[in-house]
Protein chains: 2
Amino acid sequence: MSKFARPKTKRGLARREAILRAAEEVFGTQGYAAASIAEITRRADTALGTFYIYFPGKEEVFRELVMEMGKLTRAGITEAVQRAGDRLDAERAGLEAFLRFVAARPSLYRIVEEARFVDPEAYRQYFAGFARAYEAQLIEAERAGEVSPGDAEVRAWALMGIAKTLGERFVIWDDAPDIDRVVTEGFAMIRDGIAP
Amino acid sequence: MSKFARPKTKRGLARREAILRAAEEVFGTQGYAAASIAEITRRADTALGTFYIYFPGKEEVFRELVMEMGKLTRAGITEAVQRAGDRLDAERAGLEAFLRFVAARPSLYRIVEEARFVDPEAYRQYFAGFARAYEAQLIEAERAGEVSPGDAEVRAWALMGIAKTLGERFVIWDDAPDIDRVVTEGFAMIRDGIAP
DNA sequence: TAATGACATGAATAATGATTCATGTTTCAT
DNA sequence: ATGAAACATGAATCATTATTCATGTCATTA
């Protein structure tokens, strides 16, 4: 029986959530190493020790945030992609949904990327799972003639790489990102490549 | 006058280099946080205090490794690309050179990526510089009709994203990476996109 | 070969921050 | 209304490591 059952009262639920949100903010702005539990509880307006009522430790909150992000991104992209007509449409919509998500929750996305170093297993599982689903979509699309034939696994990772890097450069780094431009230009390359 | 002048004797040079190589290994395998100076000096067969004769501190060795990596990658890619006929050739050669570099020095590459969190300024400068050069190449290639018209800045970052992600997934994660396959499939997508 | 600057040593220092725990307070089912 | 279970508190503990420094040894040169 885990010592860290979910809270049972309304108050407990609220506290746990407050700590989680404070952790998102602190991890997202300071990074894992510089984030202190004291700072997290301070921002959650609660006592230091309260943290340990809800979480086994620093790494575990972090992991929970990574998983939360995973669910949110997948949900957001899946929804955006559902509306799309064919696979190319879906690629465009997925790229846009991803970039808008990064713009909306930069902290959360920074946390996922830092997980590569803080909790490599969680990071790997997150992206491997994502890639597997992506790959399946591409295989199906190829069968339907919506994309040209090609190695779906390599393509899936290459496409994820494009999204991640464009997000980092043009959304996180830029103050006023022009997401439309990045989506348009990025998608054009995904669709047609750079051959003359 | 900096307290950390370069070593003046053969012995000093060798020690400094031994520490640098040990640091590469330790940072590369354990990550920045888990790496201890004691472990680094142990692997360099030297005393703890000796470290501070050659480096101001932990972050500074790390930064030096990031910069070293920058020089090595650029040099390697530049050389590989020089041999290429046109820009498309160069893209293929550059991707392959990059992946082979990651395979040869996985520690060094991990360090560069972790720099995003340990020393964001160094990381940013490294990639921004790289991208600027890349972008210039693409603009020139477009003028020469070797690639289709398109936003060179977005393209440069997208292409770097592909290389980084394919390297992480198929070189770092795989025990026996099939670099040829990844280059072939990745390049095919870069050239022609995924449109049917 | 003596003097000097360069280099080497590792025990001691010092700061940091995660985690624990003994002692209250609040909630809520009965 | 009440008592047990949940929840809250924050000072004290504890472990970890980066960095310093007082004391040597080595290499080079005059």
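Numbered from 1 within each chain, the chains take letters A, B, ... in sequence-line order.
- The closest donor-acceptor contact from the side chain of B:Lys164 to the backbone of A:Ile162 lies at 3.5 Å or more, if one exists at all.
- In this structure, B:Arg15 places its CZ atom 5 Å from P of C:dA8, rounding to the nearest Å.
- B:Thr165 places a side-chain N or O within 3.5 Å of a backbone atom of B:Gly161 that can act as its donor or acceptor partner.
- For A:Glu146 (side chain) and A:Arg87 (main-chain N/O), a donor-acceptor pair under 3.5 Å exists by modelled atom type.
- Taking atom CD on B:Glu39 and atom P on D:dA18, their separation rounds to 11 Å, with Å as the unit.
- Closest to the B:Thr9 side chain, of the nucleotides C:dA6, D:dA8, D:dT19, is C:dA6.
- Per the geometry, NZ belonging to A:Lys10 stands 18 Å off C1' belonging to D:dA5, to the nearest Å.
- Residue contacts shown for A:Ala14 are absent, as no nucleic acid heavy atom lies under 4.0 Å away.
- For A:Ser36, taking side-chain heavy atoms from C-beta onward, the closest of the listed nucleotides C:dT19, D:dA6, C:dG17 is C:dG17.
- Heavy atoms of B:Ala35 sit under 4.0 angstrom from primed sugar atoms or phosphate atoms, though from no base atom.
- Rounded to an integer number of Å, the gap from A:Tyr54 OH to C:dT20 C1' is 17 Å.
- Atom CD1 of A:Ile37 and atom C1' of C:dT20 are 14 Å apart (whole Å).
- For A:Tyr52, counting side-chain heavy atoms from C-beta on, the closest listed nucleotide (D:dA8, C:dA6, C:dT20) is C:dT20.
- Taking side-chain N and O atoms only, B:Thr50 has no distance below 4.0 Å to OP1 or OP2 of C:dC7.
- Checking D:dC7, C:dT19, C:dA6 against the side-chain heavy atoms of A:Lys8 singles out D:dC7 as nearest.
- Computed from coordinates, the A:Arg6 CZ to D:dA6 C1' distance equals 16 Å when rounded to whole Å.
- The residue among B:Ala38 and A:Leu13 whose nearest nucleotide of DNA chain D is located toward the 5' end is A:Leu13.
- Between A:Arg21 and A:Glu24 there is a salt bridge, since at least one side-chain N of the basic residue sits less than 4.0 Å from a carboxylate O of the acidic one.
- Checked by atom type and distance alone, the side chain of B:Glu114 pairs as donor or acceptor with a backbone atom of B:Tyr32 at under 3.5 Å.
- With rounding to whole Å, A:Arg42 atom CZ is found 15 Å from D:dT9 atom C1'.
- Using a 4.0 Å cut-off, no side-chain N or O of B:Arg11 falls inside it from OP1 or OP2 of D:dC26.
- Both A:Leu48 and B:Ala47 sit near DNA chain C, but only B:Ala47 has its closest nucleotide nearer the 5' end.
- Rounded to a whole Å, the CD1 atom of A:Ile53 is 13 Å from the P atom of C:dT20.
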